[in-house]
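A short worksheet on the structure shown next.
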Amino acid sequence: MLIALVGFVLCAMRVGTVTGEDALTVARPWVPFLGVDFAFRLDGLSMVFALLVTGAGFFVALYAQAYFKGHPDRGRFFLFFGMFMVAMLGLVLADDLLLMFVFWELTTASSFMLIGFSHDLEKARASARQALLVTGAGGLALLAGVVLLGNAAGTWRISEIIASGDLIRQHEHYIPILVLVFAGAFTKSAQFPFHFWLPNAMAAPTPVSAYLHSATMVKGGIYLLARLHPTLAGTPEWAWTLTVVGAITAVWGAVLSVRATDLKVALAWTTVMALGTLTLFLGSEAQIGLAAAITFLLVHALYKCALFLVVGNLDHEAGTREVGLLGGLRRAMPWTAASAFVAALSMSGFPPFLGFLGKELKYEGALAVASEPWLAAGAAVLANALMVAMAGVLAIRPFFGPKGATPREAHEAPFPMLAGPLAMGALGLALGLMPPIVGAGLIAPAVQAMVPESVDLTFAMFHGITAPLLLSVLTVTLGVIAYRLRDKLRRVIDAFVGALPITGDGSYRRVVGWIADGAEGLTRILQTGRLRTYLASSFAVIAATLAYVLLRNGLPPLDLDASGVPFHKWGVVALIAAGVVTVLLAKTRLVAVCALGLVGAGVALIFVLYGAPDVAITQLMVDILVVAILGLVLPRLPRYEAADGTKRRFRLVDATIATAFGLVMATLLLGVASVGVDREITAFYEANSVPGALGRNIVNVILVDFRAFDTMGEVVVLAVAGLAAWALLARPKEDEA
Amino acid sequence: MTMVAGVLLLLGAAFVAVSALGLVRLPDVYLRMHSVAKAGALGCGLILLGVVFALPSVAVLLRVVGAILFVFVTTPVASHLIGRAAHRTKSAQWERTIVDEWTDEQ
Amino acid sequence: MKSLILDNTMRLLVWLMLAFSLFLLWRGHNDPGGGFVGGLVASIAFALLGIGRGPEAVRSALRIDPRTLAGVGIALALVAGIWGSLLGTSFLKGHWISVGGLPLGTPLLFDIGVYLVVIGAVLTVVLALEEDT
Amino acid sequence: MTFLDYAIDGAFALLLLAVLGAFTRVVRGPSLADRVIALDLLAIALVAFSGVYAAESGEVAFLDVSLALALVAFFTTIVFARYIEQRGTTPPPGKAETR
């Protein structure tokens with residue numbers, strides 16, 4: 001909680017000094033090799049977010065203090081909470097693309113921890129996993145986008161990237177960057193196709209939902225879009241996608257929020273609606289649109305966080321979040337009622353509140369949206385109308401409606417749990433009363449950070465009778481009507497949603513299911529548990545790759561003149577060939593073992609004939625040891641299943657793989673031989689084998705001295721192999737005992 | 001000197017070849033064992049002696065004597081064991097075997 | 001497998017083999033041989049002992065468990081390596097000191113390490129197999 | 001080509017013949033014991049072979065090969081001998097073993 005307080009004070013002091021240009025930058029090299037450095041930059045836009053993060057963080061921390069009193073793992077909560085706050089601050093302040101991405105992933109990780117905080121609930125675990133998967137996948141796409149963007153702009157520093165906007169827009173990677181950045185932003189800010197994880201994330205404890213899922217984390221995507229606005233915006237793709245997706249999300253969020261009966265889920269859906277409107281406005285280039293986005297961002301954070309804390313109070317005190325059950329708590333929880341009422345007023349945008357200013361700007365912005373003014377305005381009106389209705393449901397119903405049967409006899413929440421909502425509500429009112437200060441201090445520099453040319457915005461509470469004002473009046477009336485007949489509305493929407501073929505959640509679950517089944521199928525094919533399949537598949541792959549390489553760049557010249565080879569060498573070759581054939585035809589393992597012994601001896605002979613006594617001895621020793629170990633193993637092996645050997649299909653498959661492998665190896669060796677052995681290495685060893693290592697036997701000198709490091713590796717491998725065999729063999733005895 | 005070496009090599013090789021012939025032609029395990037153990041070991045010894053004559057030097061002599069010693073010690077032991085193993089597991093005897101002292105004793 | 005002849009020849013043969021394997025190890029640097037081959041011959045010798053007199057004889061003859069033997073081997077090889085880096089030259093650099101005319105060097109130490117590991121590993125497997133039948 | 005060279009070639013030829021004989025016995029050998037004996041002969045032939053090659057090439061090192069092999073060759077025979085004894089009766093020559 002202290003961190004939050006300190007952070008808040010620091011940012012507050014900075015408010016005055018910051019206007020678009022002279023941002024504070026701090027840079028320290030982090031990964032010099034990649035040119036990534038620990039750079040932070042505090043400009044208008046990040047100032048708004050930083051204030052938001054620290055301010056809301058302070059109040060929520062205060063609230064959590066009381067909310068978790070006596071909760072066993074309180075410490076763990078504050079650890080993750082602190083981690084998240086730092087990550088979020090880092091995200092908004094980072095001036096380096098990769099650094100920002102690191103903080104981005106940190107927020108995803110900490111949100112996973114926080115959502116799954118009450119890990120004993122299956123629902124919490126499932127939704128935590130879902131949130132992680134969706135935002136994580138988005139993060140991955142964002143990483144690709146960030147890398148592409150970094151390469152296109154040639155630098156990781158965001159400030160420089162903002163300057164090189166035109167270069168990026170013409171760059172051929174522009175579209176992929178756009179898509180990837182959108183993927184990251186949309187998953188994080190729960191936009192239309194990826195919105196389903198946010199309502200599920202309500203399984204998290206209330207302070208988490210209040211802080212993460214209303215004020216800060218989901219705004220991360222919006223921040224990303226705002227930060228990259230000067231670079232990526234300005235093209236039809238950007239404007240169109242944002243507007244369309246934003247509109248759909250807003251309307252969809254509003255519609256479903258009415259349907260929700262659990263107060264927290266209703267709040268979640270209104271957040272989805274708010275995020276939708278924010279993306280909608282980020283689509284436009286007009287300064288007024290951007291200003292509307294920033295103001296609404298601020299307004300939404302204030303009242304949404306307050307409302308969440310109010311619902312937390314209700315849940316904590318009255319024991320339920322069901323709209324139906326709550327009622328008439330005015331007298332029992334006066335302060336909570338008051339703060340809820342203030343926040344709801346700001347949410348529905350009544351004049352004295354900042355909400356009203358936000359709504360006015362929103363309508364002005366909507367009308368100014370380049371692509372489709374009427375679509376944007378329509379969506380905004382509809383969404384806001386439903387917002388007004390929801391404000392009613394959230395604030396009036398539980399406190400002023402008839403007395404409901406709440407599981408626990410409600411009494412007023414302790415003071416720390418009231419401070420948050422009350423302060424935020426009051427702030428909403430205070431900022432509303434002095435628009436110019438808010439405008440000049442916060443909104444203008446933020447917009448300045450996003451738009452290259454100078455910003456001239458008049459902030460006044462009252463603009464006179466203009467189109468937006470009319471729209472506001474329309475919205476309020478619609479809202480009141482919607483509030484009146486909300487039960488009927490709910491039934492209609494219920495029917496409509498029920499009829500929907502696919503829902504976000506359903507498709508998510510289906511996709512995850514497919515992936516799991518696919519993985520299972522693959523492992524069943526590969527891991528059949530039979531040594532034969534492993535060997536066959538590995539040899540087949542080797543043969544295939546080698547053949548492909550050989551064929552692709554032409555067969556090497558093969559000189560097949562074997563004239564100079566004396567007869568006894570041919571004899572040995574014949575022996576080996578015959579030995580191999582016997583192994584193949586062997587009916588029993590014993591014959592196969594003996595024939596293998598024969599082949600081993602033949603190979604040793606070749607080593608002898610080609611002047612390699614050392615290797616010959618080693619080959620013979622190994623040959624004998626192998627036969628010995630086989631001799632020990634044979635009595636323990638089960639019968640030599642004839643079926644295994646005679647299955648026509650198996651033998652054919654094995655035969656083809658083996659011959660293919662042999663052919664490829666032969667061509668390879670012949671190719672190497674015909675090229676002529678490079679004597680240079682041997683010359684080197686011959687030269688300094690004696691002086692360097694005082695040894696005439698070059699083979700051993702190499703083994704032990706020159707390339708001792710490899711032998712070290714082999715030795716360790718040998719020891720480990722011995723241990724593994726021992727573990728496999730000796731283990732059953734101990735188990736049985 | 002090289003004459004003796006050549007003769008010894010040829011003689012030794014001939015013995016080894018004869019023992020192989022015995023191995024192939026003889027009807028049952030015990031007879032084959034005889035041919036391998038006796039003729040084989042002798043043939044190998046002769047060849048190694050031949051090598052000494054071919055490359056007269058102390059080092060060669062040492063190695064050859066060692067090798068012959070080993071062969072002459074190990075081969076009988078090996079054939080004894082394999083014979084006993086075969087006999088204990090009642091492997092077939094040539095139908096015209098005249099005397100089988102082992103079973104007679106038990 | 002009780003066989004009087006095998007027992008007697010065993011006493012001679014096993015010692016001969018061990019002597020030969022040490023001989024191979026010792027002169028490995030100049031003539032065919034070396035830690036690896038020496039290790040193999042020694043492990044065959046011990047396996048022979050195992051077949052003749054059973055695994056207990058091998059364990060008593062070896063006195064330390066083959067697995068630890070492999071461990072000691074690796075340690076020796078490591079020491080031979082570090083010896084080089086301790087003296088400021090690179091890891092595993094050969095250093096020779098002549099002790100009473102005999103050139104003793106870190107590569108030899110390394111070779112002995114290899115020798116022990118080979119014996120340790122092979123015997124672990126062989127004994128594990130034998131003890132079970 | 002001195003007489004020694006002829007002798008060496010002759011020796012190689014005869015040794016190959018021996019190897020061939022051993023090979024046929026390994027293939028045809030009714031019982032495991034026959035095959036083991038054939039392997040034993042093969043080992044001895046190898047010792048001889050490397051000896052002859054040492055003579056031909058004049059390289060003393062090959063004698064080490066024959067020395068080492070001579071020492072160790074009988075080991076396979078012993079392992080199989082023990083295996084046969086453990087396994088009990090060898091099936092009559094006609095029927096090939098199934099183990």
Side-chain angles (χ1 to χ4, degrees), chain A residues 566-572 574-576 578-579 581-583 585-598 600-602 604-605 607-621 623-635 637-642 696-697, chain D residues 8-9 11-13 15-17 19-20 22-29 31-32 34-36 38-40 42-43 45-47 49-54 56-57 59-69 71-84 86-87 96-99:
Chain A
F567 73 93
H568 50 260
K569 288 184 178 156
W570 277 114
V572 170
L575 167 75
I576 296 177
V581 165
T582 21
V583 171
L585 304 176
K587 293 283 178 300
T588 70
R589 284 202 190 87
L590 280 168
V591 174
V593 165
C594 296
L596 264 182
L598 216 93
L605 263 183
F607 288 144
V608 167
L609 292 178
Y610 282 89
D614 243 300
V615 184
I617 300 179
T618 327
Q619 160 71 16
L620 286 171
M621 297 302 137
D623 192 33
I624 285 168
L625 263 174
V626 162
V627 168
I629 290 181
L630 277 175
L632 290 172
V633 164
L634 276 182
L637 286 180
R639 279 249 169 278
Y640 186 75
E641 307 92 14
R696 283 197 311 279
N697 172 358
Chain D
I8 287 174
D9 285 348
F12 275 140
L15 285 176
L16 276 179
L17 261 176
V19 165
L20 190 67
F23 175 68
T24 44
R25 182 48 60 192
V26 164
V27 169
R28 263 212 340 242
S31 81
L32 174 59
D34 303 308
R35 292 194 177 87
V36 169
L39 277 183
D40 201 14
L42 181 75
L46 268 185
V47 172
F49 202 101
S50 62
V52 169
Y53 189 75
E56 184 199 20
S57 66
E59 181 57 56
V60 176
F62 288 103
L63 282 175
D64 295 335
V65 175
S66 46
L67 184 65
L69 189 52
L71 185 66
V72 170
F74 78 115
F75 186 60
T76 36
T77 336
I78 290 191
V79 168
F80 278 117
R82 190 173 83 136
Y83 171 67
I84 297 172
Q86 261 175 353
R87 206 186 43 171
E97 300 98 350
T98 51
R99 290 301 292 270

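Just so it is clear: chains get the letters A, B, ... in the order the sequence lines come, proteins before strands, and each one is counted from 1.
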Quiz item: What is the minimum heavy-atom distance between F23(D) and G579(A), and which atoms define it?
Solution: CE1-N, 3.8 Å
Exercise. Measure the spacing between CG of L609(A) and CZ of F12(D) and express it to the nearest 0.5 Å.
Key: 6.5 Å
Exercise. Would you mind telling me which of I617(A), V615(A), D614(A), L605(A) makes a side chain to side chain contact (heavy atoms under 4.5 Å, CB included) with V65(D)?
Key: I617(A)
Quiz prompt | Approximate separation, where rounding is to 0.5 Å, of I624(A) CD1 and T76(D) OG1 | solution = 5.5 Å
Quiz item: Which pair of non-hydrogen atoms, one from V608(A) and one from Y53(D), has the smallest distance, and what is that distance?
Solution: O-CE2, 3.3 Å
Self-check item: chain A contacts, top residue of L16(D), L15(D), V26(D) (heavy-atom pairs, under 4.5 Å)
Solution: L16(D)
Quiz prompt | CE-CG distance between M621(A) and L71(D), expressed to the nearest 0.5 angstrom | solution = 7.5 Å
Quiz item: Could you give the distance from CG (L39(D)) to CG (L596(A)), rounded to the nearest 0.5 Å?
Solution: 10.5 Å
Exercise. Specify which of A578(A), A574(A), G597(A), A616(A) makes the most heavy-atom pairs with chain D at under 4.5 Å.
Key: A578(A)
Exercise. Specify which of S57(D), A13(D), S50(D) makes the most heavy-atom pairs with chain A at under 4.5 Å.
Key: A13(D)
Exercise. List for me each residue that meets side-chain contact (heavy atoms from CB on, under 4.5 Å) alongside L575(A), sequence neighbours excluded, and say none if there are none.
Key: L598(A), V19(D)
Self-check item: Heavy-atom pair count under 4.5 Å with chain A, highest-scoring of L20(D), D64(D), V72(D)
Solution: V72(D)
Quiz prompt | Close side-chain approach of V79(D) and I629(A), heavy atoms under 4.5 Å | solution = no
Self-check item: C594(A) to L32(D) - nearest heavy-atom pair and separation
Solution: SG-CD1, 4.2 Å
Quiz item: Can you name the side chain to side chain donor-acceptor pair (under 3.5 Å) partners of D40(D), sequence neighbours left out?
Solution: none
Practice problem: Sort out for me which of F49(D), F62(D), F75(D) touches chain A most, counting heavy-atom pairs under 4.5 Å. | Solution: F62(D)
